[in-house]
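Since the structure comes first, as structure tokens, the remarks are kept for the end.
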Amino acid sequence: MAQGTSIDDLMARMTLAEKIGQLNLLSAGEGPETGSPRSRDIRARLAEGRLGALFGTKSVRSVRAWQELAVAGSRHGIPLLFAEDVIHGHRTIFPLPIALASSWDMALVEATARVAAAEAAAEGIRQVYAPMVDIARDARWGRIAESPGEDPFLAARYAEAMVRGLQGADLRAPDAVAACLKHFVAYGAAAGGRDYDNASLAPAELIGVYAEPFRAGVAAGAASVMAAFNAVNGQPMHAHRKLIDGWLRGTCGFEGLVVADYTGIHELMAHGIGDRETVAALALVAGVDIDMMGEDYLACLDRIAAEGLVRPDVGIEIDPAQVVEAIDRSCRRVLEMKERVGLFDDPFRYCDEARAARLTLAPAHRDLARRAAAACCVLLKNAGGVLPLAPGARVALIGRLADDRANMLGTWAVSGDPAEAATILEGLRETHDGEVRHAVGANLVDDPEIAARLDVFGPIVRLDPRQEREMTAEALALATDSDVVVLVAGEAKEHSGESASRTELDIPAPQRRLLEALAGAGKPVVLVVLAGRPLVLAREAGLADALVLGWFGGTEGGRGLADVLTGRAEPGGRLAVSLPARTGQVPLHHGAETTGRPWTGRFEKFRTGYLDLPDDVPPAGGLYPFGFGLGYTDFELDAPRVTPTRPTGGDRYVTVTVAVRNTGAQRGATVVQLYVTDPVARCVRPSRELKGFERVTLDPGEAREVAFTLGREDLAYLVGETIGTLERVWDPGTFVIHVGLNARDLRSVEIAWTP
Ligand code: BGC
């Protein structure tokens with residue numbers, strides 16, 4: 001578009017076919033992909049003016065070449081919008097989102113997103129398919145790795161921080177990209193934790209929990225949203241007009257672009273809601289602006305725009321004018337997005353090879369990644385202070401994952417280079433002033449079929465041909481000849497991620513057997529778990545002296561973990577997801593609704609509702625609670641104080657104050673968490689809701705007052721039979737205010753807030 005031309009002028013010159021072309025999004029296919037491409041004919045599409053956006057490029061050169069074709073080779077010279085999955089870093093890979101959320105440090109989350117945006121923007125990318133803000137309460141679901149966890153309040157803060165970090169203050173800036181909140185909505189509520197499965201949710205839970213991070217992300221200015229693959233309450237999300245056009249655009253005021261997921265429109269046919277024309281029309285009218293990879297808009301909209309569509313069998317009657325109007329509206333949104341991200345000013349401004357070379361994996365980016373990796377590690381157990389490792393200690397570092405680059409980045413780091421990743425062995429050798437020797441000890445998995453599936457995007461399992469006996473003996477000999485064992489065990493990176501749901505949440509069997517053997521070696525054992533999801537670690541927690549959940553830490557994961565093991569950094573993480581004691585406990589989250597039963601009665605059997613769960617495992621809370629994590633010092637909290645003590649209808653908020661004291665011997669940080677219970681309400685409420693948190697760093701002996709403002713609005717909640725009739729209400733009366741360093745160990749005070 002020439003300078004000075006408006007979108008109105010441009011649209012006035014475009015044919016309907018060209019407008020439909022702007023709604024078409026294809027992949028350049030230069031990286032890994034998750035679906036079956038229906039078209040790869042990018043050149044032909046560009047020549048016809050039938051392509052609006054492209055993702056999956058892997059270099060500035062490629063972006064420039066496609067952009068040249070788009071600008072010079074088409075009638076109106078409309079630039080392409082380049083997009084990419086930038087989930088936890090672009091070239092410098094940061095810890096997994098579930099790990100980043102576990103830092104509870106939103107300044108850190110924002111900083112990682114700033115770096116990711118700068119690296120991506122320098123390569124010509126103008127939109128990223130992130131942040132993924134799906135609430136995930138079922139650890140079987142593989143995409144929990146990409147999510148900010150189980151809690152809507154924490155996830156909403158994560159969504160805001162990510163949007164701020166990615167988009168910055170000015171979307172046209174050379175280090176900013178448009179964010180895309182995904183996957184709208186309730187993708188994480190898939191039945192049985194099976195990826196792609198549908199969700200059935202009461203309207204209040206759907207909007208109050210699953211849509212809450214989207215509301216927050218939209219309020220923070222997110223420029224785009226991606227629809228989810230699943231159906232919600234019987235309606236597939238790519239055709240969910242009530243939720244997309246109604247709630248997202250209507251109630252939330254979202255004015256940006258809605259993108260389909262990979263062949264998400266095409267897959268509406270498999271959902272069983274009609275033929276290709278029907279699903280194309282339904283998606284368009286629902287408000288999905290861009291069709292990713294399915295080319296259903298391209299194939300069908302011209303005809304539907306000319307003739308309309310009547311399908312009595314699925315109850316649709318759309319007249320041509322309605323379709324033309326919807327095409328115009330979506331095309332305008334695509335063009336507005338291109339304008340917002342600066343493409344009409346200069347389509348090549350963002351293809352800056354020198355800048356890309358300077359920024360890619362820049363030392364400052366790596367430093368941040370290292371700091372982030374330590375800040376996300378969750379220390380779950382530290383008996384006898386075995387961590388940090390004593391200086392000079394001779395370390396037996398055991399496990400395939402300890403000397404591994406291929407898995408370190410974690411799932412869906414599509415532009416990350418595993419060759420750039422530091423291994424834990426390298427990190428520990430650089431950081432620890434004592435001998436560090438390594439043995440493999442066991443294969444990651446022992447089932448060749450699973451190994452083949454895990455290798456989907458390249459070899460990551462590397463099965464050792466030796467007998468397990470031989471590997472165990474080697475590891476035991478090393479352990480016996482060392483002062484301390486550090487065993488790194490867990491998942492391969494592709495155990496989690498898309499289409500990687502699991503029915504068992506254990507560390508794979510050969511590595512479990514290895515831990516059993518090492519626990520008998522008479523040396524202290526530190527177990528470092530790498531995983532993309534909450535695993536069941538009950539037995540492991542009993543066997544190991546120290547337990548660290550390191551997730552997948554990214555490019556500098558090996559060094560960040562070494563910093564934690566040696567005490568150069570504190571383990572900063574606090575669980576963003578509850579860890580189950582048994583697989584059968586999931587789905588699990590800290591705020592389960594109150595129930596009438598089970599109760600403490602005469603018969604043991606009725607106590608937890610579970611027949612086979614030991615009494616010491618809280619049935620609704622898991623093995624380690626949400627918000628839990630240790631550091632290298634200790635903290636104490638006083639009971640909370642609330643002012644005014646007797647709030648009335650005239651008070652809009654109360655202040656909750658709590659004193660926190662470092663009672664340990666070294667400087668350290670903790671996260672003070674504020675929860676609220678509404679014990680008497682007009683309907684069943686969550687047992688507890690997170691309403692605030694603050695990270696505090698204190699010297700030994702130092703105390704500080706942390707103050708939270710709790711508004712009456714924060715105590716309100718949604719009630720209603722349908723999405724359209726939801727109302728926010730609050731119930732005056734008793735509220736219980738809790739503070740704690742996790743969701744289970746709380747100091748509480750009751751207040752009465754009169755009308
Ligand atoms: C995923 C999206 C992703 C897209 C493009 C899909 O399979 O669900 O999250 O953005 O592929 O890679």
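Both ligands and their constituent atoms are indexed starting at 1 by order of listing.
- Given atom 11 (O) of ligand 1, the protein heavy atom at minimum distance is T34 OG1, 3.1 Å.
- Between the D291 side chain and the Y297 main chain, a donor and an acceptor come within less than 3.5 Å of each other.
- Those atoms of ligand 1 that come under 4.0 Å of a heavy atom in K182, given as number and element, are 2 (C), 3 (C), 9 (O), 10 (O).
- Residue contacts with ligand 1, taken as heavy atom pairs separated by less than 4.0 Å, do not involve E146 at all.
- More than 12 heavy atoms of other residues, nucleotides or ligands shown are found within 6.0 angstrom of CZ on R172.
- Ligand 1 lies within reach of H183, whose nearest heavy atom is under 4.0 Å from it.
- Using a cut-off of 4.0 Å between Lys/Arg side-chain N and Asp/Glu carboxylate O, E110 and R164 are scored as salt-bridged.
- Judged by distance alone, with hydrogens and angles left aside, the side-chain atoms of T57 form no donor-acceptor pair with the main-chain N or O of S59 at under 3.5 Å.
- Contacts between E498 and ligand 1, counted as non-hydrogen atom pairs separated by less than 4.0 Å, involve the side chain only.
- No donor-acceptor contact under 3.5 angstrom links the side chains of D261 and Y129, judged on distance only.
- When D85, L25, V414 are ranked by how near their heavy atoms come to atom 5 (C) of ligand 1, first place goes to D85.
- Residue contact check: F55 has heavy atoms under 4.0 Å from atoms 5 (C), 12 (O) of ligand 1.
- Considering backbone and side-chain atoms alike, D261 places an N or O below 3.5 Å from some N or O of ligand 1.
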For this session: Could you go through the side-chain contact (heavy atoms from CB on, under 4.5 Å) check for F626 and L575 one step at a time?
Result: CA-CA 5 Å; F626 174 79; L575 294 171; 5.6 Å; no

